[in-house]
Amino acid sequence: MDPRPESRSGLYRWLNQRYNLDAALEFARHKKVPLHRESVWYYFGGVTLFLFLIQVLTGVLLLLYYRPGADTSHESLRFIVSQVEFGWLFRSVHSWSANLMILAAFIHMFSNFFTQAYRQPRELSWITGMLLFFLALGFGFSGYLLPWNELAFFATKVGTDIAGAVPLVGPPLLIFLRGGEDVTAVTLSRFFGWHVALLPMIFTLLLGLHLLFVQIQGMSVPAALPRAEAEKRSMPFFPSFALRDVILWLVVLNIVAVLSVFFPWELGPKADAFAPAPAGIKPEWYFLFMFETLKLIPGHVLGLEGEILGVLFFGVAGLLWTLVPFLDRHGRQDRPNPWLRVAGVLAIAYIVVMTLVGFLS
Amino acid sequence: MKPHRMTIFAGMLGAALLLSGTPAPAQNTCITCHRELGGDLAAPVTAAELGDIHAARGLSCADCHGGDPTAEDAEVSMSPQRGFMGTPQPQEIPAFCGRCHSDPRFMRRFDPAIPTDQVEKFWTSHHGQALQQGDTRVATCVDCHDTHAILPSDNPKSWVWPVNVPATCHRCHGNADLMSAYNLPADVYDQYARGVHGHALLDENDTGAPACNDCHGNHSATPPGFESVAQVCRSCHPANSEMFMVSPHRPAFDALGLPECAACHDHHEILPPVDAWLGVEGEHSCGQCHSPGDPGYQASLAIHGWVDSLVTAMETAQDLVDQVERTGIETEEAHEALTVARNALLKSRTVIHTVREDSVEQSVEEGLAAAGTAFRLSLAALEDFRFRKFGLGFASIFITLLIVALWLKLRHMEKNKSR
Amino acid sequence: MEHSQPADPSRRRTLNLLLSGSLVGFLAALVYPLVRYLIPPPASEVPASTVRVAKVEEVAPNTGLIFRFGRRPGLLIRTPDGTLRAFAATCTHLDCTVQFRPDLGLIWCACHNGRYDLTGKVISGPPPRPLTPFVVNVQDGDIYVSQGVS
């Protein structure tokens with residue numbers, strides 16, 4: 001990278017006159033990333049972003065052959081994985097990368113929680129991040145149904161049933177989600193629409209904001225680290241951080257490729273509304289801890305229906321989690337918050353244990 | 001007013017009151033007395049209350065046993081003058097039940113489709129014939145249908161519901177003392193339970209599988225003669241019997257006095273047939289009758305060889321399909337081909353009843369072709385998997401190289417910067 | 001702005017060569033599957049839920065025809081009065097393949113003598129349930145069978 005403007009090409013000069021590229025480059029040149037013992041967590045946002053880009057690319061490719069519909073979804077997907085050259089690859093990459101993206105998002109979220117990266121002035125980074133996370137879960141839930149296989153069909157039934165248990169708004173929400181009383185071809189159509197049009201649109205807008213905020217404010221330094229020490233060292237964003245990012249992305253890409261070749265995502269038998277529900281209906285792993293909780297709550301607790309209680313609990317917990325920048329008083333004074341630290345550890349322990357219980361049961 | 005008229009009016013009113021005051025059906029003194037008597041004498045009452053079909057259809061004690069259920073005095077109600085018959089003797093039981101059950105005009109009031117030939121058939125059975133000769137140890141109606149807790153045969157709790165029939169027969173046919181008097185084995189139930197039919201009916205609850213009565217007849221229970229075994233088996237195994245009937249075995253077996261199907265398959269303990277029976281060694285095998293040198297011996301070796309070749313081909317193909325399955329590659333078409341092969345194997349194992357080598361060969365060839373298709377498709381899939389791994393290796397090498405190059409470049413740039 | 005001078009120009013050249021070489025290989029590994037994927041396969045997709053079985057004139061009255069319906073066999077029958085019907089050809093007893101018997105005028109399973117009438121209902125034998133019916137449509141002389149939407 002040659003900083004001398006006179007050595008730039010004509011195209012650069014042409015663009016520069018109109019859009020002031022020099023300023024942007026100047027900004028990039030001075031952009032720095034703090035260097036400390038928690039710096040490694042900075043990479044997970046990038047990994048999530050990279051996996052999202054893979055999702056967009058492979059998603060578009062799958063759209064070339066996928067045909068939504070009760071009579072065509074499963075058939076066209078079978079066609080993709082068995083007839084179209086490398087169809088199996090893009091399908092498996094899409095599924096694997098989706099799961100890894102949720103995993104990376106989990107790590108990104110929890111690392112920012114523990115380092116209190118959400119604190120002033122980055123409240124909106126956290127809020128947009130949480131919204132992106134919920135949207136990612138929405139992507140997962142809607143995408144799971146699209147192969148129209150047995151497991152997805154019944155998992156969607158159960159999943160929408162749980163949404164239907166929300167007090168007051170539940171019943172109309174259930175009708176809205178399913179497009180009727182039951183999971184049918186209509187449900188498939190709307191899930192498809194959300195998955196490929198509505199969710200990507202909102203996601204992209206929020207992602208743009210999320211990234212813009214990071215560019216404006218730079219990386220946050222953990223509140224727990226001594227100020228002086230943490231701000232002393234840093235690395236330039238370009239090339240040091242950016243190239244490390246790219247290297248990590250390549251590693252992730254290779255992992256996805258290995259998983260796709262050796263563990264191609266299963267297609268499973270086609271959904272049959274009249275077949276009895278197969279044993280062991282489970283949602284995707286990232287919903288498993290909630291699913292297990294709902295199963296373990298007794299039918300009635302304190303006069304409330306157990307399921308409603310569970311849904312309310314996760315609703316309130318999710319809301320508090322999203323609003324944590326405004327709840328963390330210590331964080332506002334750049335001090336670590338032992339209470340939230342405990343809450344975070346408990347949340348992780350709970351999620352891990354319940355997910356394991358779900359896997360083993 | 002004329003008192004005369006008043007008297008008539010009052011009399012009419014009184015009569016009307018009297019009539020309406022009478023309890024509609026008089027209480028059944030059979031039931032009230034027998035319940036009070038307790039013990040064995042109360043048993044019919046408690047049994048009938050368990051859901052007896054006769055009680056449910058409104059029949060009462062007196063409808064079978066006669067007598068007067070309205071009389072308070074036992075002497076009166078159970079007097080022969082009132083038609084009381086008491087407990088019928090074993091010889092009397094078929095006629096006792098037959099009073100109604102052999103009368104189509106009577107029975108159609110309850111069920112127009114119910115058969116009314118049971119008693120007639122019963123007298124043709126071994127049970128019936130022995131009874132006629134005064135042997136009262138044999139089964140009559142009540143031994144299989146119960147006496148006072150009689151359930152319809154389509155009630156799963158009934159003694160004659162298909163799944164319960166073997167146990168019902170076993171109550172007598174499992175009694176070694178009783179059976180020894182007739183020179184009959186007492187372990188028929190165990191033999192049956194070990195066989196395919198017993199397994200299907202008793203373990204799998206497959207009511208399509210035959211219970212005792214499906215081969216022996218129910219009311220006309222008699223063992224089928226050795227020359228009609230195939231006729232009995234064919235009611236469920238038509239293809240096998242048809243082929244046997246036209247095979248050279250049919251006349252040979254009949255001439256030798258061999259019980260057709262049972263000659264190889266046995267009768268109660270009908271074991272799942274295995275291909276080794278087609279060979280010349282061991283129980284059930286062709287070698288029991290055929291010896292080296294005779295044409296049957298040669299045919300047996302050839303037929304066994306054909307069926308074995310299909311089994312082996314299918315196993316090989318299945319192994320390969322399983323391998324493909326483990327790679328996660330779609331194997332739908334190979335599975336379809338294997339299903340075709342399985343059907344051909346099933347057919348071949350049926351066609352062996354013709355004991356004609358060419359017929360078996362023809363049906364085995366169908367299966368071999370399908371198994372071959374499954375094999376080829378799986379090989380192609382495994383080849384595809386190798387290609388996938390190769391592609392992955394190619395990509396991984398370049399990704400690794402790129403990572404190394406980028407890392408070196410980065411180090412280089414950082415070193416220059418810091419200088 | 002510091003102007004960097006590499007310590008060893010040949011080393012720098014090797015590094016750039018390695019970088020561009022591996023980048024080309026990497027891009028090839030990306031682009032090749034992508035291009036192959038974009039080429040539509042010759043066999044166009046036939047939805048498995050509808051199958052073209054035969055021409056109408058190929059199925060005479062009082063005959064039956066076994067056809068492949070996805071993973072399992074189907075049975076198309078033409079009754080003596082000319083009506084077309086189709087069923088899953090798997091016997092509801094033990095999954096043998098049933099057949100049409102013109103001599104008996106019914107659907108028959110050779111394994112255990114199960115008999116079904118021409119609407120798929122059980123007449124006699126061990127089958128516990130009727131045959132699963134399919135929907136038959138005739139279009140331009142072609143018979144199409146599809147999974148029923150009941």
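Just the heavy atoms: all of them, side chains too, but no hydrogens, waters or symmetry mates, feed the values below. We name chains A, B, ... by the order of the sequence lines, and we start the count at 1 in each one.
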Could you check whether any side-chain heavy atom of C:His93 comes within less than 4.5 Å of a side-chain heavy atom of B:Asp206, counting everything from C-beta outward?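 When only atoms from C-beta onward are counted, B:Asp206 and C:His93 do touch, with a gap below 4.5 Å.
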
Would you indicate whether the side-chain heavy atoms of C:Leu19 and B:Leu402 approach each other to under 4.5 Å?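 B:Leu402 reaches C:Leu19 side chain to side chain.
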
Roughly how far, to the nearest 0.5 Å, is [atom2] of [Y] from [atom1] of [X]?
| X | Y | atom1 | atom2 | result |
| --- | --- | --- | --- | --- |
| C:Cys111 | B:Leu346 | SG | CG | 5.0 Å |
| B:Ser241 | C:Asn113 | OG | CG | 9.0 Å |
| B:Phe394 | C:Tyr32 | CZ | OH | 10.5 Å |
| C:Leu23 | B:Ile399 | CG | CD1 | 11.5 Å |
| B:Lys409 | C:Leu18 | NZ | CG | 10.5 Å |
| B:Asn416 | C:Arg12 | CG | CZ | 8.0 Å |

Region of B:Arg234 that comes under 4.5 Å of a non-hydrogen atom in chain C: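 When you check distances to chain C, only backbone atoms of B:Arg234 fall under 4.5 Å.
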
Proximal component of B:Ser235, with respect to chain C [non-hydrogen, under 4.5 Å]: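 For B:Ser235, the backbone is the part near chain C, not the side chain.
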
Exceeds 12 heavy-atom contacts within 6.0 angstrom, atom [atom1] of [X]:
| X | atom1 | answer |
| --- | --- | --- |
| B:Arg411 | CZ | no |
| B:Glu365 | CD | yes |
| C:Arg115 | CZ | yes |
| B:Arg342 | CZ | yes |
| C:Arg11 | CZ | no |
| B:Glu333 | CD | no |

Which atoms form the tightest heavy-atom contact between B:Gly208 and C:Pro126, and what is the distance?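 For B:Gly208 versus C:Pro126, the nearest heavy atoms are CA-CB, 3.4 Å.
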
Minimum heavy-atom separation for C:Trp108 to B:Pro238, with atom names?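 Taking every non-hydrogen atom into account, CZ2-CG, 3.2 Å.
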
